Structure formats: structure tokens, C-alpha cells
Amino acid sequence: PPHRPARMIGVMPAPSRKRPARPGFTLLELMLVVTIIGILAALGVPSIAGTYRRMQARDAAYKARDAIIDARNLARKTLCSVTLTTTANAVTATPINGVSCSTTTLNPKVTQLGTKVTMGSPSSALVFTPTGGVTSGTTVTVPISSAAGTYTVTVLPGIGQVRIAP
């Protein structure tokens, strides 16, 4: 028969000093994860803030474009000339009562662009004719600037097509 080691009768093995395994994380592991998340968040905040500012500037440019298109459509709808004026952060479309106007009482329409943007003056007077064209024979540009950059809203001569360029 195979050889077996001798057993000592009455002697118990030494107790193990290991603690029983418990599920969960140690405090050190949790602190490490929180630190890593904090570092990643600190790196991402400036990027998110810049993206938000660029979105505000682009939104203001599109609002200005839409206000100019609305003024052009108002001129065509009412058969009145419509003049566009700008302030630091608003566009105002004012119908000019004339002989060809289809209505007698027309109120100005004001479009607010927001407080974080500044709109410059148009490069020349911006007046839409009753057919929707621009009275100036040249391209009219309106600069819109913010901390994130500058956009230019351009109104082409002739039919008054409106474009945006960053």
C-alpha cells in the first residue's frame, strides 16, 4: 500500500489568519475612482463651455437670418416696402406705408437675438421692395459677433436671398 504521512492524534491544524472574503470595494478603490472622475470632468468643462458659446452665436445668426427672411416675406405679403434696422441684439422690421400697401396699419416686428451676442449695422440700408427684392444694388452684410466668434448674414441683391457664413 502507498505510504501515508503519520498523523498526530489530538493535534488540530493552526487556525488561518485570513479574513473571510466580503463583497464590495475598499475605501482606497473608491477614492481612486472619484479622483479619476474629477480629473476627467475638469478636462471636459472648458470644452463644453466653448461649445455652448459657439451654439449661442450660431443660434443668434440663424435668428437674424430668419428675421430678415420674415421681413422679406412681409414685404411680399403686404405689398409694402419693409425697412430693417438693427440694434446691439435685435432686428426690427418696419413696413413703410405707401401707395401700394394692401393694409393701412402695420406694426414693426422685433426679433431679440440674445444678450451674449452683438449685431453690427448693415453694410448699407436694408429695405425690401414689395416684390421681395433689396433696394440697394449691392450685397448687404450684417455682422453678428460673440465671445465664440463672428458670423455674417448676407443679403444678396436682386431677389434678396439670405445666407449665413461663419
Side-chain angles (χ1 to χ4, degrees), residues 25 28-166:
F25 299 104
L28 181 63
E29 291 169 331
L30 291 175
M31 288 175 52
L32 183 63
V33 168
V34 168
T35 302
I36 290 171
I37 290 173
I39 291 170
L40 292 176
L43 293 174
V45 167
S47 173
I48 292 170
T51 301
Y52 181 71
R53 283 192 301 272
R54 284 190 297 280
M55 285 176 35
Q56 282 182 319
R58 189 181 71 201
D59 182 51
Y62 277 96
K63 281 184 181 178
R65 181 202 65 177
D66 292 345
I68 293 170
I69 290 172
D70 287 347
R72 178 176 163 240
N73 291 338
L74 180 65
R76 295 173 77 186
K77 179 180 174 185
T78 61
L79 298 176
C80 293
S81 293
V82 174
T83 184
L84 229 74
T85 55
T86 61
T87 61
N89 61 354
V91 178
T92 304
T94 307
I96 304 168
N97 287 330
V99 183
S100 65
C101 287
S102 62
T103 56
T104 54
T105 307
L106 296 171
N107 296 321
K109 181 180 178 189
V110 179
T111 303
Q112 297 292 331
L113 301 183
T115 57
K116 302 286 185 185
V117 295
T118 303
M119 184 168 20
S121 298
S123 58
S124 64
L126 188 51
V127 179
F128 288 102
T129 64
T131 59
V134 181
T135 57
S136 69
T138 61
T139 300
V140 179
T141 59
V142 181
I144 298 171
S145 59
S146 73
T150 301
Y151 284 82
T152 303
V153 179
T154 305
V155 183
L156 301 176
I159 61 169
Q161 186 178 16
V162 184
R163 296 182 179 165
I164 295 179

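Just so you know, these numbers come straight off a predicted model, no measurement behind them.
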Checklist entry - Which atoms form the tightest heavy-atom contact between K63 and Q112, and what is the distance? => result CD-O, 3.7 Å
Checklist entry - Picking from L32, V34, V33, what satisfies side-chain contact (heavy atoms from CB on, under 4.5 Å) with I36? => result L32
Table please: side-chain donor-acceptor pairs of residues 45-56 below 3.5 Å, with sequence neighbours left out.
{"unit_1": "T51", "atom_1": "OG1", "unit_2": "S47", "atom_2": "O", "d": "2.9"}
{"unit_1": "T51", "atom_1": "OG1", "unit_2": "R54", "atom_2": "NH2", "d": "3.1"}
{"unit_1": "Y52", "atom_1": "OH", "unit_2": "Q56", "atom_2": "NE2", "d": "3.4"}
{"unit_1": "R54", "atom_1": "NH1", "unit_2": "G50", "atom_2": "O", "d": "3.4"}

Item to check | V140 backbone acceptor or donor facing S124 side chain under 3.5 Å | outcome: no
Checklist entry - With D66, which residues qualify under salt bridge (charged side-chain N to carboxylate O under 4.0 Å, His left out), at least two apart? => result none
Item to check | Non-hydrogen side-chain atoms of V82 and I96 separated by less than 4.5 Å | outcome: no
Checklist entry - Hey, what do you get for CZ (R65) to CD1 (I144), rounding to the nearest 0.5 Å? => result 11.0 Å
Donor-acceptor pairs are to be reported for all side-chain atoms of residues 149-164 against protein atoms at under 3.5 Å, with residues two or more places apart or in another chain.
none

Checklist entry - Of all heavy-atom pairs between A57 and S146, which one has the smallest distance, and what is that distance? => result CB-OG, 3.1 Å
Item to check | Set of side-chain hydrogen bond (donor to acceptor under 3.5 Å, both in side chains) partners for T131, sequence neighbours left out | outcome: T129
Got a list of side-chain donor-acceptor pairs under 3.5 Å for residues 83-95, not counting sequence neighbours?
{"unit_1": "T86", "atom_1": "OG1", "unit_2": "G120", "atom_2": "O", "d": "3.4"}
{"unit_1": "T87", "atom_1": "OG1", "unit_2": "A90", "atom_2": "N", "d": "3.3"}
{"unit_1": "N89", "atom_1": "ND2", "unit_2": "G114", "atom_2": "O", "d": "3.2"}

Checklist entry - Rounded to the nearest 0.5 Å, how far apart are CG of N73 and CZ of F128? => result 9.0 Å
Item to check | I39: side chain to side chain contact (heavy atoms under 4.5 Å, CB included) partners, not counting sequence neighbours | outcome: T35, L43
